[in-house]
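Here's the structure, in structure tokens; my notes come after.
Reminder, nothing fancy here: chain letters follow the sequence lines and each chain counts from 1. From a predicted model like this one, the values you see are computed outputs, not experimental measurements.
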Amino acid sequence: MPTARDPSPGGATVTERAPTGAALTGGMRWVFLHVYSTPAARFSTAVMSQVRVRFAPSPTGFFHIGSARTALFNWLYARHTGGVFILRIEDTDKERNSDAYLGLIYDSLNWLGLNWGEGPEVGKNGGGDFGPYRQSERSEIYREHVQRLLDGGRAYEKDGATWFKLLGDRYEVFDEHRKKTVTKVKLPPVVIDDRIRGRVERLEDEDFVIVRSDGNPVFHLVNVVDDIAMNVTHIIRGEDHLSNTSKHVLLYEGFGVQPPAFAHIPLILKQNGPGKMSKRDQGALIEEYQRRGYLSEALVNFLCLLGWNPGDDREKMPIAEIIRLFDLPGVNQSNARFDDKKLAHMNMAYLLELPADRFVAIAREYFQLHSAAHSAAMAAGDSYFRDVMLLSQPKVKGVEELPAYTAYFFNEDFSIDAKVRDKVMAKGDPKARLRELAEMLKAGDLSSDSAVEEAMKALAAKNGLGFGDYQSVARLALSGTNVGPSITGMIRVMGRERVLMRIERFLAM
RNA sequence: GUCCCCAUCGUCUAGCCCGGUCCAGGACACCACCCUUUCACGGUGAGAACCGGGGUUCGAAUCCCCGUGGGGACGCCA
């Protein structure tokens with residue numbers, strides 16, 4: 001609905017949209033609002049001035065892009081409003097939970113810089129007055145709340161499970177889709193005043209289970225109970241939860257509590273094929289980007305732009321600026337397709353302007369994960385490694401290219417690309433050029449790129465040739481290929497001894 | 001099948017709320033050229049979109065309706 005960006009204040013939604021056909025539902029809506037707004041006064045705490053948002057993942061699988069963005073939008077909103085970002089672990093599914101996945105949630109959030117003010121205590125994160133923050137430790141709280149519904153006649157037991165009871169006239173009907181007779185309840189549609197979608201109506205007409213027959217409470221119940229208990233003011237979550245929201249609103253009503261503000265953000269679609277992105281899709285895992293040496297600030301910047309924008313043409317922005325500008329009405333309503341090319345570009349842009357020390361540190365970290373490249377690189381010594389990395393920084397699109405891109409700096413047995421060799425050796429007398437270059441380098445000043453460059457240019461001029469006549473064959477002899485950093489930089493970094501050795505070996509071939 | 005959400009270049013999007021300034025702007029990708037010491041970066045340029053149909057209006061990408069398409073939800077999963 002196009003009224004989305006106009007969050008009408010204070011539930012005044014009832015009156016807008018006039019004549020045609022809305023009269024009936026409008027009237028019923030009033031009844032509904034009346035029912036739950038009266039007892040709300042008794043339960044709801046004083047006016048909450050501070051925004052409290054939560055990210056509530058389940059440790060049942062890898063942490064993926066979609067979850068990361070939901071966490072990010074919550075975090076941004078908390079930072080923007082000076083509110084609290086809560087991490088709550090929804091680990092009620094005993095079958096599928098695992099500590100490894102839980103650890104991955106903590107690691108990924110930390111890596112992305114999404115620190116939580118309240119939640120499980122991990123490192124500098126967590127703590128808070130509304131714990132415990134793992135649902136597996138909150139059973140007593142759920143039991144009390146279910147008892148309250150039972151006592152108030154809003155829940156009953158059947159088939160060993162506990163069901164939430166809808167209030168209204170009941171009737172039986174055969175459900176074609178599920179092939180069974182079900183009991184339905186006559187009710188006006190639930191109204192959701194969504195900060196991103198606008199007004200959404202959805203009919204909820206069947207009682208639903210809130211505690212399984214094995215005694216475990218279900219998602220809908222624990223989610224609502226915790227959001228009440230933790231004083232959550234804004235629920236920012238994926239649009240896939242929009243259809244659950246009617247159940248949740250009914251539960252709030254059952255507890256006599258005014259629901260928080262809802263904001264359903266668009267989904268991220270997989271880049272190839274139909275459907276939303278899931279943990280199994282190509283490029284879906286946060287862990288993977290971390291492992292591939294992506295810069296978290298680049299990934300965060302990219303993720304912000306999937307479903308949100310600052311309202312102008314800016315894309316690459318410091319996080320502080322994003323925090324300043326981020327707001328719920330600026331979030332898009334349509335799903336966005338993930339594009340790894342754009343992410344790679346963003347990553348390169350960040351890489352290019354990374355301070356030298358940090359670039360080298362990240363490169364070293366990356367090499368450590370790749371033992372073969374690592375041992376050779378480390379054997380060459382810290383300062384040589386640093387020089388090689390800084391020489392390559394402006395040339396690569398990502399840290400993951402580094403080991404292959406720089407391999408010949410660290411290994412003497414690099415291979416010579418046959419095609420390149422044939423091409424380079426085809427015209428002129430490259431070997432003669434190489435001999436002239438070696439002669440010059442024996443005594444030349446190799447202390448800076450410009451010194452090397454001047455010497456090479458002088459040599460070329462003396463022989464009536466161009467810089468390129470020396471560059472291509474020198475590159476071939478030193479690296480075996482025709483791509484790489486500037487040749488002058490290579491000579492400077494490799495040093496006289498190594499350069500002369502490689503040239504001689506090449507001439508002997 | 002039922003219900004809900006959405007709809008601008010291949011992709012992410014600006015513009016839409018408050019109709020004219022839009023023969024629709026930016027970015028990624030692609031192509032060409034320039035720069036150049038290879039490869040990149042960078043610069044310049046090209047191609048590329050208002051889903052369709054009705055309506056309202058002097059005028060619609062912008063408002064309304066209907067189609068169509070895409071997405072989501074329909075569990076004693078979360």
Side-chain angles (χ1 to χ4, degrees), chain A residues 1-6 56-61 90-93 95-97 135 158-163 175-178 189 192 194 196-198 200-206 208-220 222-223 238-246 264 266-267 269 271 274-276 302 305-316 329 332-346 348-349 352 392 394-397 405 420 424 453 456-457 460 466-472 474-476 479 481-490:
Chain A
M1 221 179 241
T3 55
R5 277 139 205 280
D6 176 28
S58 303
T60 55
E90 305 221 329
D91 52 354
T92 55
D93 186 349
E95 301 293 309
R96 298 197 297 149
N97 287 327
Q135 291 187 329
K158 188 182 93 180
D159 303 333
T162 307
W163 299 68
D175 186 309
E176 291 292 344
H177 192 55
R178 284 180 288 175
I192 301 153
D194 194 281
I196 294 168
R197 315 257 146 204
V200 178
E201 286 186 19
R202 192 167 181 280
L203 189 68
E204 203 61 59
D205 61 359
E206 280 180 53
F208 52 91
V209 170
I210 52 177
V211 182
R212 285 185 276 268
S213 48
D214 67 3
N216 288 311
V218 307
F219 161 73
H220 302 299
V222 297
N223 195 264
E239 201 217 86
D240 48 345
H241 284 293
L242 187 54
S243 350
N244 292 328
T245 307
S246 43
H264 287 92
L267 267 21
L269 270 25
Q271 57 183 342
K276 64 169 175 173
F302 170 79
L305 264 17
L306 234 42
W308 175 85
N309 67 78
D312 54 36
D313 290 340
R314 281 179 298 169
E315 295 199 331
K316 183 166 177 290
N332 296 142
Q333 305 175 46
S334 50
N335 296 340
R337 202 169 290 277
F338 181 79
D339 180 4
D340 61 353
K341 288 245 177 61
K342 188 141 188 172
L343 169 57
H345 181 266
M346 184 69 80
M348 182 199 67
L352 236 31
S392 308
K395 303 299 226 170
V396 294
K397 272 185 174 295
Y405 191 80
V420 174
V424 171
E453 185 174 338
M456 284 179 71
K457 280 186 171 160
F467 189 98
D469 293 307
Y470 293 88
Q471 188 273 144
S472 56
R475 180 180 298 284
L476 182 64
S479 73
T481 179
N482 63 344
V483 301
S486 73
I487 188 66
T488 54
M490 282 170 64

Would you say [X] reaches [N]'s phosphate, i.e. side-chain N/O to OP1/OP2 under 4.0 Å?
X: A:Q333; N: B:rC6; value: yes
X: A:R202; N: B:rC74; value: no
X: A:N332; N: B:rU13; value: yes
X: A:R197; N: B:rG72; value: no

Using the [atom1] atom in both, what is the distance from [N] to [M], to the nearest Å?
N: B:rA48; M: B:rA40; atom1: C1'; result: 26 Å
N: B:rG53; M: B:rA60; atom1: C1'; result: 15 Å
N: B:rC23; M: B:rC63; atom1: C1'; result: 23 Å
N: B:rG67; M: B:rC28; atom1: P; result: 40 Å
N: B:rG43; M: B:rC50; atom1: C1'; result: 31 Å
N: B:rU62; M: B:rG55; atom1: C1'; result: 15 Å
N: B:rG70; M: B:rA78; atom1: C1'; result: 25 Å

Is a donor on one side and an acceptor on the other found under 3.5 Å between the side chain of [X] and the backbone of [Y]?
X: A:N309; Y: A:L305; answer: no
X: A:D312; Y: A:R314; answer: yes
X: A:D91; Y: A:P59; answer: no
X: A:D214; Y: A:N216; answer: yes

How should the glycosidic conformation of B:rC41 be described, syn or anti, under the criterion that syn lies within 90° of 0?
->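 Because its glycosidic torsion lies within 90° of 0, B:rC41 adopts the syn conformation.
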Nearest 0.5 Å please: distance from the CG atom of A:L306 over to the CG atom of A:L269.
->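 CG of A:L269 is found 10.0 Å from CG of A:L306.
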If you look at every strand shown and take non-hydrogen atoms under 4.0 Å, does [X] touch a base, only sugar-phosphate, or nothing?
X: A:H220; answer: base
X: A:R314; answer: nothing
X: A:G307; answer: sugar-phosphate
X: A:N216; answer: nothing
X: A:D312; answer: nothing
X: A:S213; answer: base
X: A:A161; answer: base

For A:N223 and A:E90, run side chain to side chain contact (heavy atoms under 4.5 Å, CB included): C-alpha distance rounded to whole Å, both residues' side-chain angles, the deciding distance at 0.1 Å, then the answer.
-> CA-CA 8 Å; A:N223 195 264; A:E90 305 221 329; 3.2 Å; yes
Please lay out, stage by stage, how A:N335 and A:E239 fare under the test side chain to side chain contact (heavy atoms under 4.5 Å, CB included).
-> CA-CA 9 Å; A:N335 296 340; A:E239 201 217 86; 4.2 Å; yes
Under-4.0 Å salt bridge between A:E315 and A:K342 |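 Between A:K342 and A:E315 there is a salt bridge, with a charged N closer than 4.0 Å to a carboxylate O.
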Identify, between A:L343 and A:K158, the residue whose nearest nucleotide on RNA chain B lies closer to the 5' end.
->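 Closer to the 5' end of RNA chain B: A:L343.
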Between A:L305 and A:T92, which has a closest nucleotide on RNA chain B that is more 5'?
->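 Looking at RNA chain B, the more 5' nearest nucleotide goes with A:L305.
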Between the protein and nucleotides 68-71 of chain B, list the N/O to N/O atom pairs that are separated by less than 3.5 angstrom.
from   : atom 1 : to     : atom 2 : distance (Å)
B:rG71 : OP1    : A:G275 : N      : 3.1
B:rG71 : O2'    : A:N335 : ND2    : 2.8

Of the nucleotides B:rA78, B:rG72, B:rU13, which one has an atom closest to the side chain of A:D240?
->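 Nearest listed nucleotide: B:rG72.
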Candidates B:rC4, B:rC6, B:rC76 - which lies nearest the side chain of A:L242 =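 The answer is B:rC4.
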So, do A:V209 and A:V218 sit near enough that their side-chain heavy atoms are less than 4.5 Å apart?
->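 Yes. Closest side-chain heavy atoms under 4.5 Å.
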Taking C-beta and beyond as the side chain, do A:N244 and A:H220 meet within less than 4.5 Å on heavy atoms?
->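 Yes, their side chains come closer than 4.5 Å.
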Hey, does the side-chain of A:K342 have a donor or acceptor N/O within less than 3.5 Å of a partner on the base of B:rA29?
->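 Such a pair does not exist between side chain and base.
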Could you give the CG-to-C1' distance, from A:N309 to B:rU13, as a whole number of Å?
->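 Spelled out: CG on A:N309 to C1' on B:rU13 is 6 Å.
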In whole angstrom, what separates A:D313's CG from B:rC28's C1'?
->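 About 14 Å, once rounded to whole Å.
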How does each nucleotide of nucleotides 34-41 of chain B score, in 5' to 3' order, for protein heavy atoms under 4.0 Å: base (B), sugar-phosphate only (S), or none (-)?
-> ---BBBBS
Could you check which nucleotide pairs with B:rA73 in any of the strands shown, counting Watson-Crick or G-U wobble with both distances under 3.5 Å?
->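 Looking at the geometry, B:rA73 pairs with B:rU2.
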Find the partner of B:rC33: check Watson-Crick (N1-N3 plus N6-O4 or O6-N4) and G-U wobble (N1-O2, O6-N3) distances, both under 3.5 Å, and reply none if neither fits.
->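 Its partner is B:rG43 (Watson-Crick or G-U wobble, both distances under 3.5 Å).
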